[in-house]
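First listed ligand is number 1; within each ligand, the first listed atom is number 1.
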Amino acid sequence: MYDVIVIGGGPAGSQAARLLARRGLEVVVLEKGGPDHVKCCAGALSGRALPFLEGIQLPPSTDLKNVELIYKNKKILYTSQSQIAKFVVRSQLDQTLREAAQKAGALIRYQTAAQQVRLFPDRVEVEVRGGKVQGRYLVGADGATGITRRLGSESPKRMAIGLEGEIFLPEALDKYAEKVLIDISWLSSGYAWLFPKKDRLSVGIVSFSGRPVALRKHFQRFIDSLKLPSPKTHLAHPLPALAPEKLVIGRCLLAGDATSLVDRFSGEGIAYALHSGTLAAEAIASALEEGTSLESYQELVEEEIYSQLKITSKLQKAFWFWPWLSHFVLRRHPSLMEEYFSTVAGQKSYAELAEKLKQEFVRGRWLKRESQ
Ligand SMILES: Cc1cc2nc3c(=O)[nH]c(=O)nc-3n(C[C@H](O)[C@H](O)[C@H](O)COP(=O)(O)OP(=O)(O)OC[C@H]3O[C@@H](n4cnc5c(N)ncnc54)[C@H](O)[C@@H]3O)c2cc1C
């Protein structure tokens with residue numbers, strides 16, 4: 001019997017597995033894909049994510065400070081004072097994190113889909129093809145479409161949806177190497193992006209409305225507007241919507257997308273997957289080593305993560321109420337961009353950002369043109 005079974009070898013699962021194995025615990029990760037499994041993702045690793053990855057040699061990345069925010073034919077070019085994010089190839093990041101977990105002592109079982117979970121008072125059992133795996137605790141980290149999500153929330157929640165493809169054309173890379181493009185012209189609630197990586201461009205679009213939307217059509221229009229060729233392939237995947245969920249179900253803890261830890265304003269989820277994977281590992285280690293209750297995990301995730309995500313959810317509603325007005329305000333008041341991106345970089349909390357925005361609003365500064 002393993003000490004811990006982790007379902008899902010994405011950022012949340014690999015992080016939990018690495019930290020638990022590092023403490024000498026017997027850990028197995030069940031991953032339904034192979035070692036080069038591709039998760040649909042733009043691969044922006046924010047400053048919030050980086051502290052959880054200390055000591056890990058990350059795959060090649062671009063570190064950009066320039067952002068162009070586009071609405072119709074109006075553009076704001078903003079240069080951040082600090083690094084906003086590292087742009088990595090997501091499959092390479094996942095491989096790196098799984099290898100780090102393996103190096104720490106965790107066993108990774110690829111091509112092993114968890115089919116069913118059974119929770120008992122003294123153990124957990126996961127059914128896989130050809131048998132079952134038993135453990136003392138379980139981390140459900142199988143993402144937005146996995147099987148453990150259902151343990152924590154009874155009704156299906158509305159989900160955002162994103163679509164991403166990659167372009168490998170050297171001329172296009174040269175043309176778009178210097179800046180991140182965010183285009184808010186195409187959807188009533190969502191944006192299209194272009195993120196330059198070392199050897200490719202990530203292009204995609206995300207809709208936060210939760211309603212059916214012709215995502216592929218808008219994606220194509222965005223690509224055409226940049227005069228780029230269509231990516232050879234693209235993938236679509238849901239982003240779970242924020243909802244209060246049960247994170248501790250008997251001996252099982254849910255982490256990452258399996259429990260909807262995604263920023264509804266930007267779509268960022270890797271940092272929260274790593275953060276919750278870290279907290280899950282700490283809660284299980286302390287239950288095993290000191291006999292403490294797992295309930296502290298729920299409290300900590302609510303305090304450290306949900307509290308922030310609730311604010312990004314409000315930001316999302318406010319920003320998309322009138323996107324043209326949001327763009328107009330940002331054009332006149334570019335320091336708000338710095339406020340936002342320094343928060344993404346992890347230099348302040350979303351609660352501090354919200355307070356700052358409130359103060360600026362109350363003082364009526366949003367409507368005045370800022371001196372440059
Ligand atoms: C289009 C798009 C773009 C995005 N861009 C960004 C971005 O730039 N930056 C960012 O921070 N976030 C981004 N996100 C969000 C981010 O991808 C997720 O929040 C993040 O991947 C969550 O990590 P996770 O480990 O919880 O789940 P996942 O990364 O989804 O990992 C779950 C793992 O579980 C495995 N699995 C699933 N079911 C089973 C099963 N039954 N048995 C065994 N294994 C199973 C899967 O194969 C997968 O490897 C984006 C999302 C989308 C859809």
Side-chain angles (χ1 to χ4, degrees), residues 5-17 28-50 52 61 84-91 93-95 97-98 101 108-117 126-129 133 138-150 159-166 180 182 190-193 195 197 202-208 215 219 234-240 242 254-264 266-277 280 305 309 344:
I5 303 172
V6 177
I7 305 183
S14 300
Q15 178 75 352
V28 62
V29 178
L30 309 177
E31 167 53 52
K32 75 172 178 186
D36 51 2
H37 170 73
V38 179
K39 156 77 173 78
C40 168
C41 180
L45 204 52
S46 77
R48 273 172 193 276
L50 298 176
F52 297 105
S61 64
I84 299 162
K86 281 184 178 296
F87 295 92
V88 295
V89 175
R90 176 58 198 266
S91 55
L93 174 71
D94 284 8
Q95 253 170 334
L97 300 184
R98 283 193 293 264
I108 316 276
R109 283 182 59 179
Y110 288 107
Q111 318 285 8
T112 308
Q115 293 168 343
Q116 209 187 342
V117 168
V126 180
E127 212 172 285
V128 296
R129 201 166 58 169
V133 184
L138 177 71
V139 178
D142 45 349
T145 57
I147 61 163
T148 64
R149 202 177 147 71
R150 274 171 262 147
M159 297 218 192
I161 179 122
L163 190 152
E164 197 255 357
E166 292 177 329
V180 166
I182 309 272
Y191 65 89
W193 72 80
F195 293 168
K197 313 265 177 85
S202 160
V203 281
I205 191 161
V206 58
S207 163
F208 293 112
L215 212 54
F219 176 65
H234 58 255
L235 292 171
H237 197 80
L239 292 98
L242 172 74
L254 300 181
D257 276 17
T259 190
S260 305
L261 299 178
V262 172
D263 174 336
R264 293 293 308 281
S266 67
E268 175 180 18
I270 301 173
Y272 306 108
L274 294 169
H275 193 159
S276 56
I305 307 178
L309 296 181
V344 173

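- Side-chain atoms of Phe195 and Val88, non-hydrogen and from C-beta on, never get closer than 4.5 Å to each other.
- Close approach to Thr112 involves these atoms of ligand 1, each under 4.0 Å from a residue heavy atom: 43 (C).
- Once rounded to the nearest 0.5 Å, the distance linking CG of Asp94 with SG of Cys41 reads 8.0 Å.
- Among Arg48, Arg109, Glu31, the residue whose heavy atom lies closest to atom 49 (O) of ligand 1 is Glu31.
- Looking at ligand 1, you'll find an N or O of Pro11 within less than 3.5 Å of one of its N or O atoms.
- Between Thr148 and Ala141, the shortest heavy-atom distance links the atoms OG1-N, 4.3 Å.
- For ligand 1, the atoms lying closer than 4.0 Å to a non-hydrogen atom of Arg90 are 16 (C), 17 (O), 20 (C), 21 (O), 29 (O).
- The protein non-hydrogen atom at the shortest distance from atom 19 (O) of ligand 1 is Asp257 OD1, 2.7 Å.
- Looking at Ser14 and Gln95, their side chains never come closer than 4.5 Å, going by heavy atoms from C-beta outward.
- Using a 4.0 Å cut-off between heavy atoms, Lys39 contacts ligand 1 through its side chain alone, with no backbone atom that close.
- With rounding to the nearest 0.5 angstrom, the CD1 atom of Ile270 is 9.5 Å from the CG atom of Asp257.
- Across His37, Glu31, Lys32, Arg98, a single residue satisfies side chain to side chain donor-acceptor pair (under 3.5 Å) together with Tyr110, and that is Arg98.
- Listed here is the closest heavy atom pair of Leu309 and Val262: CD1-N, 3.7 Å.
- Closest to atom 44 (N) of ligand 1, if we only count protein heavy atoms, is Lys32 N, 3.1 Å.
- If you look at Leu30 next to ligand 1, the close heavy atoms, those under 4.0 Å, all belong to the backbone.
- For ligand 1 and Ala113, the ligand atoms under 4.0 Å from any heavy atom of the residue are 42 (N), 43 (C).
- Only the side chain of Ala273 comes within 4.0 Å of ligand 1, judged by heavy-atom distances.
- Gly204 does not count as a contact of ligand 1, since none of its heavy atoms falls under 4.0 Å from the ligand.
- Using a 30° and 60° split on the angle between ring planes, Phe219 and His234 fall in the perpendicular class, above 60°.
- Residue-ligand proximity, Gly10 to ligand 1, at heavy-atom distances under 4.0 Å covers atoms 25 (O), 31 (O), 33 (C), 49 (O).
- From Leu239, atom CG reaches atom CD of Glu268 across 11.5 Å, with rounding to the nearest 0.5 Å.
- Considering only non-hydrogen protein atoms, atom 14 (N) of ligand 1 sits nearest to Gly267 O, 3.4 Å.
- Ligand-side atoms of ligand 1 in range of Leu163: 1 (C), range being under 4.0 angstrom from any heavy atom.
- The two atoms that bring Ala144 and Met159 nearest to each other are O-CE, 3.5 Å, heavy atoms only.
- For Ile270, a nitrogen or oxygen atom sits less than 3.5 Å from a nitrogen or oxygen atom of ligand 1, counting backbone and side chain alike.
- In this structure, atom 6 (C) of ligand 1 lies nearest to the protein heavy atom Cys41 SG, 3.4 Å.
- Taking atom 41 (N) of ligand 1 as the reference point, the nearest protein heavy-atom neighbour is Ala114 O, 3.1 Å.
- Inclusion of Glu268 in the set of residues having an N or O under 3.5 Å from an N or O of ligand 1 is not warranted.
- From Glu164, atom CD reaches atom CD1 of Ile205 across 12.5 Å, with rounding to the nearest 0.5 Å.
- Using a 4.5 Å heavy-atom cutoff, the side chains of Val117 and Ile7 are in contact.
- Looking at Gln115 against ligand 1, nothing comes within 4.0 Å, counting heavy atoms.
- Atom 12 (N) of ligand 1 has as its closest protein heavy atom Gly269 N, 3.0 Å.
- Nearest protein heavy-atom contact of atom 39 (C) of ligand 1 is Asp142 CB, 3.7 Å.
- If you check which protein heavy atom lies closest to atom 8 (O) of ligand 1, you get Ala44 N, 2.9 Å.
- Every N/O-N/O distance between Ile7 and ligand 1 stays at or above 3.5 Å.
- When each atom of ligand 1 is checked for a heavy atom of Ala12 under 4.0 Å away, the hits are 25 (O), 26 (O).
- Interface atoms of ligand 1 facing Ala42, defined by a heavy-atom separation under 4.0 Å, are 3 (C), 4 (C), 5 (N), 6 (C), 8 (O).
- In summary, the atoms of ligand 1 found under 4.0 Å from a heavy atom of Ala141, numbered by their order in the structure, are 32 (C), 33 (C), 34 (O).
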Between Ser260 and Arg149, does a side chain to side chain contact (heavy atoms under 4.5 Å, CB included) hold up when you go through it step by step?
CA-CA 9 Å; Ser260 305; Arg149 202 177 147 71; 3.0 Å; yes
Checking side chain to side chain contact (heavy atoms under 4.5 Å, CB included) for the pair Leu274/Leu97: CA distance, chi angles, key distance, verdict?
CA-CA 10 Å; Leu274 294 169; Leu97 300 184; 4.2 Å; yes
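- Within the model, atoms CG of Leu30 and CD of Glu127 stand 12.0 Å from one another, a figure rounded to the nearest 0.5 Å.
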